[in-house]
Amino acid sequence: MKKSDLKYIDFWNERYQNLNFAYGKEPNLFFKEELQKLKTGTLLLPADGEGRNGVYASKLGWNVTATDLSTEGKNKALKLAKEFDVNLKYIVGDIQDLEFPKESFDVIGLIYAHFTAWKISAIHQKLITLLKPNGYVIFEAFSKNHLNYQKNNPKIGGPKDIDMLFSIEQIQQDFTGFEIQVLEEEEVFLNEGNCHNGKGSVLRFIGKKR
């Protein structure tokens, strides 16, 4: 593991040690709206942090596997799952290294999954192999234009490294062959805990694996 990866793990463990939930307890609104449209099944949530999206999906009856680099994130997620009386399978580790059977998930949710820049495309390619044919990717993350919003309002959060942010062209390239149902950059107002507050620029993608 690179020194930069260890530093990244330390960052997230420190953020999630706080008693408050950094991004709140409620699911991301785009994820919530899109997941409700789909038949329940198996769901993979890489970078699920404190579990707000995984717990929500579990409440709907999804069989959820959540992952993250942070042990503190897992502790908070399991606490949240207990609060809502649901089961949540949560694995701590680098999604690039974790092993799952191929084509084992009906849906993969990538909600603010800003991986280390040099890993992003490789991780996306791996995740595609884990998705069943006709399975869906639900994606929302900050766009490359988000840096301008950060300058005006640091409370909106998000990576400061432009290479960790997303463009429409990058998603088209990483998910080539998918049936694209939504792919757009939008200005949105986020109210997610203490760390996503205010106006930002996000990229949203719904893709169906052919």
Side-chain angles (χ1 to χ4, degrees), residues 2 4-5 7-16 18 20-35 45-54 56 66-70 73 94-96 108-125 127-128 136-176 178 180-207:
K2 290 189 175 183
S4 59
D5 290 333
K7 188 175 180 181
Y8 201 50
I9 292 170
D10 289 342
F11 171 85
W12 289 111
N13 277 330
E14 184 177 344
R15 172 160 290 187
Y16 295 149
N18 195 299
N20 293 325
F21 280 70
Y23 303 98
K25 296 181 179 182
E26 296 299 317
N28 170 264
L29 288 178
F30 181 68
F31 175 74
K32 177 181 179 179
E33 290 169 1
E34 294 301 324
L35 195 68
L45 284 168
D48 197 35
E50 296 166 310
R52 64 192 178 112
N53 295 308
Y56 170 75
T67 80
D68 202 274
L69 291 170
S70 170
D94 188 328
I95 188 62
Q96 200 169 26
I108 294 177
L110 291 166
I111 307 301
Y112 297 98
H114 290 279
F115 303 112
T116 307
W118 62 273
K119 292 183 174 184
I120 291 173
S121 288
I123 288 173
H124 287 170
Q125 296 313 303
L127 293 176
I128 289 169
Y136 288 86
V137 170
I138 302 175
F139 177 105
E140 179 174 292
F142 291 118
S143 77
K144 291 189 183 296
N145 290 320
H146 183 67
L147 292 179
N148 297 321
Y149 292 83
Q150 278 184 337
K151 291 174 185 175
N152 294 324
N153 175 26
K155 291 182 179 180
I156 187 57
K160 295 178 173 59
D161 179 355
I162 194 168
D163 292 328
M164 293 178 69
L165 303 173
F166 294 94
S167 68
I168 285 177
E169 294 74 20
Q170 181 180 0
I171 295 301
Q172 288 173 327
Q173 183 176 332
D174 283 359
F175 294 94
T176 183
F178 272 62
I180 295 175
Q181 299 187 350
V182 175
L183 182 55
E184 58 195 10
E185 186 174 339
E186 283 199 25
E187 183 181 88
V188 299
F189 189 89
L190 296 176
N191 182 19
E192 300 182 327
N194 294 323
C195 294
H196 279 173
N197 266 287
K199 194 159 55 175
S201 177
V202 304
L203 197 146
R204 288 172 168 172
F205 167 59
I206 303 294

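With hydrogens and angles ignored, the 3.5 Å screen pairs no side-chain donor or acceptor of N20 with any backbone N or O of A22. Between the side chain of R52 and the backbone N or O of G24 there is no donor-acceptor pair closer than 3.5 Å.
A distance of 9.0 Å separates OG1 in T176 from CD in Q125, rounded to the nearest 0.5 Å. Here OH of Y136 is found 11.5 Å from CZ of F205. Values are rounded to the nearest 0.5 Å. Note that SG of C195 and CZ of R15 are 4.0 Å apart. Values are rounded to the nearest 0.5 Å. Going from atom CG of D94 over to atom OG1 of T116 covers 7.5 Å, rounded to the nearest 0.5 Å. Distance check: E34 CD to Q181 CD gives 8.5 Å after rounding to the nearest 0.5 Å. Here the CG-CH2 distance, from L69 to W12, works out to 10.0 Å after rounding to the nearest 0.5 Å.
For F189 and H196, the ring centers are positioned 6.0 Å apart or more.
Using a 4.5 Å heavy-atom threshold, the side chains of N194 and K155 count as separate. Side-chain contact check for D174 versus F166: every heavy-atom pair is 4.5 Å or farther apart. Inter-residue side-chain proximity for I206 and F139 is flagged as unmet; no heavy-atom pair is nearer than 4.5 Å. Within the 4.5 Å cutoff, side-chain heavy atoms of Q170 are placed close to those of K144.
Minimum heavy-atom separation, L203 to S167: CD1-C, 3.2 Å. Between F115 and A47, the shortest heavy-atom contact is CE2-CB, 4.3 Å. Here the closest non-hydrogen pair linking I108 and P46 is CG2-CD, 4.2 Å. Of all heavy-atom pairs spanning N13 and S70, the tightest one is OD1-OG, 2.7 Å. Of all heavy-atom pairs spanning F142 and P159, the tightest one is CD1-CD, 4.2 Å. Residues L110 and L127 approach most closely at CD2-CD1, 3.8 Å, considering heavy atoms.
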Task: Chi angles and distances behind the side-chain contact (heavy atoms from CB on, under 4.5 Å) call for Y112, L190 - done: CA-CA 12 Å; Y112 297 98; L190 296 176; 3.5 Å; yes

Open item on the list: Would R204 and L183 count as a side-chain contact (heavy atoms from CB on, under 4.5 Å) here? Give the steps.
Closed with: CA-CA 6 Å; R204 288 172 168 172; L183 182 55; over 6 Å; no

Open item on the list: Pair E50, K25 - check salt bridge (Lys or Arg N to Asp or Glu O under 4.0 Å), show working.
Closed with: CA-CA 8 Å; E50 296 166 310; K25 296 181 179 182; over 6 Å; no

TODO: Apply ring pair (Phe, Tyr, Trp, His ring centres under 6.0 Å) to the pair H114 and Y8, showing each step before the final yes or no.
DONE: CA-CA 11 Å; H114 290 279; Y8 201 50; 9.9 Å; no

Open item on the list: I'd like to know whether H146 forms a side-chain contact (heavy atoms from CB on, under 4.5 Å) with I156, so could you lay out the CA-CA distance, the side-chain angles of the two residues, the decisive distance to 0.1 Å, and finally the verdict.
Closed with: CA-CA 9 Å; H146 183 67; I156 187 57; 3.4 Å; yes

Task: Residues N191, N197; criterion side-chain contact (heavy atoms from CB on, under 4.5 Å); working and verdict - done: CA-CA 5 Å; N191 182 19; N197 266 287; 3.2 Å; yes

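Side-chain polar atoms of N28 and E140 form a donor-acceptor pair below 3.5 angstrom. Judged by distance alone, the side chains of S143 and E185 do bring a donor and an acceptor atom under 3.5 Å apart. Y149 and E187 share a side-chain donor-acceptor pair at under 3.5 Å.
Remark: E14 CD is loosely packed, at most 12 non-hydrogen atoms of other residues, nucleotides or ligands lying under 6.0 Å away. Shown here is Q150, whose CD atom has more than 12 heavy atoms of other residues, nucleotides or ligands within 6.0 Å. Heavy-atom contacts from other residues, nucleotides or ligands closer than 6.0 Å to CD of Q96 number more than 12.
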